[in-house]
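By convention in this document, chain letters (A, B, ...) are assigned in the order of the sequence lines, proteins followed by strands, and residues within each chain are numbered from 1. Since we're looking at a predicted model, the values are computed, not measured.
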Protein chains: 2
Amino acid sequence: MKHEDVFNPDCQVRLVLDRIGDKWSVLVVLALRDGPRRFTGLRTTIGGVTPKVLTQTLRAMERDGLLTRRVFAEVPPRVEYELTPLGLSLHAPIDAITDWAEAHLDEIVAAREATT
Amino acid sequence: MKHEDVFNPDCQVRLVLDRIGDKWSVLVVLALRDGPRRFTGLRTTIGGVTPKVLTQTLRAMERDGLLTRRVFAEVPPRVEYELTPLGLSLHAPIDAITDWAEAHLDEIVAAREATT
DNA sequence: TGTCAAGGTATCCATCGGATACTGGTTACT
DNA sequence: AGTAACCAGTATCCGATGGATACCTTGACA
């Protein structure tokens with residue numbers, strides 16, 4: 001089964017693309033690259049994300065088995081997020097994209113400004 | 001400049017990620033893999049996209065230099081979309097993602113259903 | 001006269017992302 | 001005793017965005 005049927009809206013590869021294509025998931029994976037992080041740490045590291053949306057993103061990624069959420073019964077509360085092996089394996093494709101983005105950034109910016 | 005500053009909301013890599021992360025752009029690139037296509041061809045090939053959104057996607061990709069739009073002065077009208085070399089170069093990272101998606105699909109679906 | 005083709009717009013509505021404010025339990029400080 | 005701080009989120013509201021549906025144009029043809 002090659003990805004010819006990616007064009008089918010019910011194709012499950014589409015489900016995965018939508019998750020990866022999510023605005024914040026990629027950044028969460030990058031932020032967790034070097035080990036577990038806490039909610040506020042993620043929030044301040046990833047610039048521009050609001051707590052509501054970060055929570056939604058983390059919950060969705062947890063549902064999909066990309067990361068684990070561990071709650072410590074302490075005060076003040078502590079919650080640690082950590083990538084699962086599945087989540088870690090995302091680094092390869094994500095690196096492919098960020099590398100591409102860095103390599104071709106100027107072309108895109110140039111094209112965009114040419115039509116201004 | 002490594003992608004440490006991807007976390008900065010003003011980082012331009014983020015701009016590119018948002019474009020790639022767009023729900024339909026990836027599918028457009030895949031649909032144009034084998035050469036130019038016409039609007040209706042894209043529309044029917046890519047399941048579930050409405051004309052308005054497809055137009056928005058194509059216009060944005062054109063602005064960013066990922067594809068060209070060629071209008072033939074005929075009746076009925078003919079418009080062909082074709083990837084630029086820049087757009088073609090996207091296939092490498094996109095393949096990395098779709099391959100990952102196909103490889104880990106069942107894990108994700110299993111995780112998702114485990115919490116149902 | 002009416003219909004069809006292709007490549008879109010126009011219009012409307014639902015959903016989602018984002019901004020801001022607030023909560024709760026405990027410990028530390030005054 | 002009172003109060004501020006800490007952390008991980010909710011609660012609420014609003015504007016932007018995505019999607020569904022209907023419609024437009026022009027020329028050939030029945």
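A:Val79 comes within 4.0 angstrom of sugar-phosphate atoms only, judged by non-hydrogen atoms across all strands, and of no base. If you check every strand for non-hydrogen atoms under 4.0 Å, A:Glu74 touches nothing. Within 4.0 Å (heavy atoms only), A:Arg43 reaches no atom of the nucleic acid at all. Among the protein residues, A:Tyr81 comes within range of the sugar-phosphate backbone only, with heavy atoms under 4.0 Å from sugar or phosphate atoms but none that close to a base.
An OP1 or OP2 oxygen of D:dA8 is reached within less than 4.0 angstrom by a side-chain nitrogen or oxygen of A:Thr40. Put simply, B:Gln56 has no side-chain N or O that comes within less than 4.0 Å of OP1 or OP2 on D:dT17. Of the side-chain N and O atoms in A:Arg69, one or more sit less than 4.0 angstrom from OP1 or OP2 of D:dG9. Under 4.0 angstrom from either OP1 or OP2 of C:dC16 there lies no side-chain N or O belonging to A:Trp24. Neither OP1 nor OP2 of D:dC7 sits under 4.0 Å from any side-chain N or O of A:Arg38.
Looking at A:Ser89, its side chain does come within 3.5 Å of a backbone N or O of A:Leu86 through a donor-acceptor pair. When atom types are taken as modelled, the side chain of A:Ser25 and the backbone of A:Ile20 share no donor-acceptor pair closer than 3.5 angstrom. One N or O on the side chain of A:Arg14 and one on the backbone of A:Val6 form a donor-acceptor pair closer than 3.5 Å.
Counting only heavy atoms from C-beta on, A:Pro51 has its side chain closest to C:dA21 among C:dG18, C:dA21, D:dG19. Distances from the side chain of A:Pro77 to the nucleotides D:dG19, D:dA8, D:dG9 place D:dA8 closest. When distances run from any side-chain atom of A:Arg59 to the nucleotides D:dG9, C:dG18, C:dT9, the shortest one goes to D:dG9.
To the nearest angstrom, P of C:dT15 lies 17 Å from CG of A:Asp18. One atom, CZ of B:Arg37, and another, P of C:dG8, lie 14 Å apart when rounded to the nearest Å.
Comparing B:Lys52 and B:Phe39 along DNA chain C, the residue whose closest nucleotide (by nearest heavy atom) sits nearer the 5' end is B:Phe39. If B:Gly48 and B:Pro76 are placed on DNA chain D by their nearest nucleotide, the residue sitting closer to the 5' end is B:Gly48.
For the pair A:Arg78 and A:Phe72, the cation-pi criterion (under 6.0 Å, within 45° of the ring axis) is fulfilled.
Salt-bridge formation is detected for the pair A:Asp95/A:Arg33: a Lys NZ or Arg NE/NH1/NH2 atom is positioned less than 4.0 Å from an Asp or Glu carboxylate oxygen.
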